Amino acid sequence: MYPKLDFEKVKRRVMWDFRLEDEEVAFQKRRTGYAFIIDVLDGTPRLAIYHVTRFGSKTEYFDLQPPQEMLVKALAEQGASLSRDGLYNINHELRVWAEENLL
């Protein structure tokens, strides 16, 4: 289990423009901070915080989740399927939801 999130720290260091495609950047150029992502595991999408460090990353889930329809819509916009586990970017609608409900 991960330690409890410091939401003030997340607020200060959130990278709203982070894209999962950026993960392949060389470590010396890698940005660190927090990003919101969608994690699909066993057909269930969840909004998660993605903590990016210089040498790795980890995902933490929130107890409070947006409506499933919002998550599914964001996945469909990316051509993703619930049948394929993986990490996906959020859309603007999920960003607004996260700002209003989590930060």
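Just so it is clear, the structure is predicted and the values come from calculations on it, not from any experiment.
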Checklist entry - Which pairs with one or both residues in residues 62-102 pass ring pair (Phe, Tyr, Trp, His ring centres under 6.0 Å), sequence neighbours excluded? => result Phe36-Phe62
Given the rule that I, L, V, M, F, W and Y join up when any side-chain heavy atoms are under 4.5 Å apart, are [X] and [Y] in one cluster?
{"X": "Leu102", "Y": "Trp16", "result": "yes"}
{"X": "Met70", "Y": "Leu103", "result": "yes"}
{"X": "Val14", "Y": "Leu64", "result": "yes"}

Next on the checklist: Walk me through whether Ile38 and Asn89 qualify under side-chain contact (heavy atoms from CB on, under 4.5 Å).
Outcome noted: CA-CA 6 Å; Ile38 302 168; Asn89 297 308; over 6 Å; no
Item to check | Within residues 67-80 or reaching into it, pairs that qualify as salt bridge (Lys or Arg N to Asp or Glu O under 4.0 Å) - sequence neighbours excluded | outcome: Lys73-Glu93
Checklist entry - What residue pairs, at least two apart or across chains, pass salt bridge (Lys or Arg N to Asp or Glu O under 4.0 Å) with a residue in residues 94-103? => result Arg95-Glu99
Checklist outcome for this item: Tightest non-hydrogen contact, residues Ala74 and Leu94, listed as CB-CD1, 3.6 Å
Item to check | Non-hydrogen atoms of Met15 and Ala35 that approach each other most closely | outcome: O-CB, 4.1 Å
Item to check | Side-chain donor-acceptor pair present, Gln78, Asn91, cut-off under 3.5 Å | outcome: no
Checklist entry - Cut-off 3.5 Å, side chains only: do Ser57 and Tyr50 have a donor facing an acceptor? => result yes
Checklist entry - Hey, what do you get for OG1 (Thr44) to CD (Gln68), rounding to the nearest 0.5 Å? => result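 These two atoms lie 7.0 Å from each other.
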Item to check | Residues forming a salt bridge (Lys or Arg N to Asp or Glu O under 4.0 Å) with Arg84, sequence neighbours excluded | outcome: none
Item to check | Asp17: salt bridge (Lys or Arg N to Asp or Glu O under 4.0 Å) partners, not counting sequence neighbours | outcome: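 Partners of Asp17 by the salt bridge (Lys or Arg N to Asp or Glu O under 4.0 Å) criterion, ordered by chain and then number, come out as Arg31.
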Item to check | side chain to side chain contact (heavy atoms under 4.5 Å, CB included) partner of Pro66, the single match among Leu71, Val96, Asn101 | outcome: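 Output: one option passes, namely Leu71.
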Checklist entry - Ser81: what forms a side chain to side chain contact (heavy atoms under 4.5 Å, CB included) with it, not counting sequence neighbours? => result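 Counting only residues at least two positions away or on another chain, Ser81 forms a side chain to side chain contact (heavy atoms under 4.5 Å, CB included) with Ser83.
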Checklist entry - Are any of the side-chain heavy atoms of Lys9 and Tyr34 separated by less than 4.5 Å? => result yes
Next on the checklist: Within the structure provided, determine whether Leu41 and Arg46 are in side-chain contact (heavy-atom separation under 4.5 Å).
Outcome noted: yes
Checklist entry - Got a donor-acceptor contact below 3.5 angstrom from the Asp39 side chain to the Leu87 backbone? => result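 Not a single qualifying donor-acceptor pair exists.
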Item to check | Chi angles and distances behind the side-chain contact (heavy atoms from CB on, under 4.5 Å) call for Ile49, Thr59 | outcome: CA-CA 6 Å; Ile49 194 75; Thr59 304; over 6 Å; no
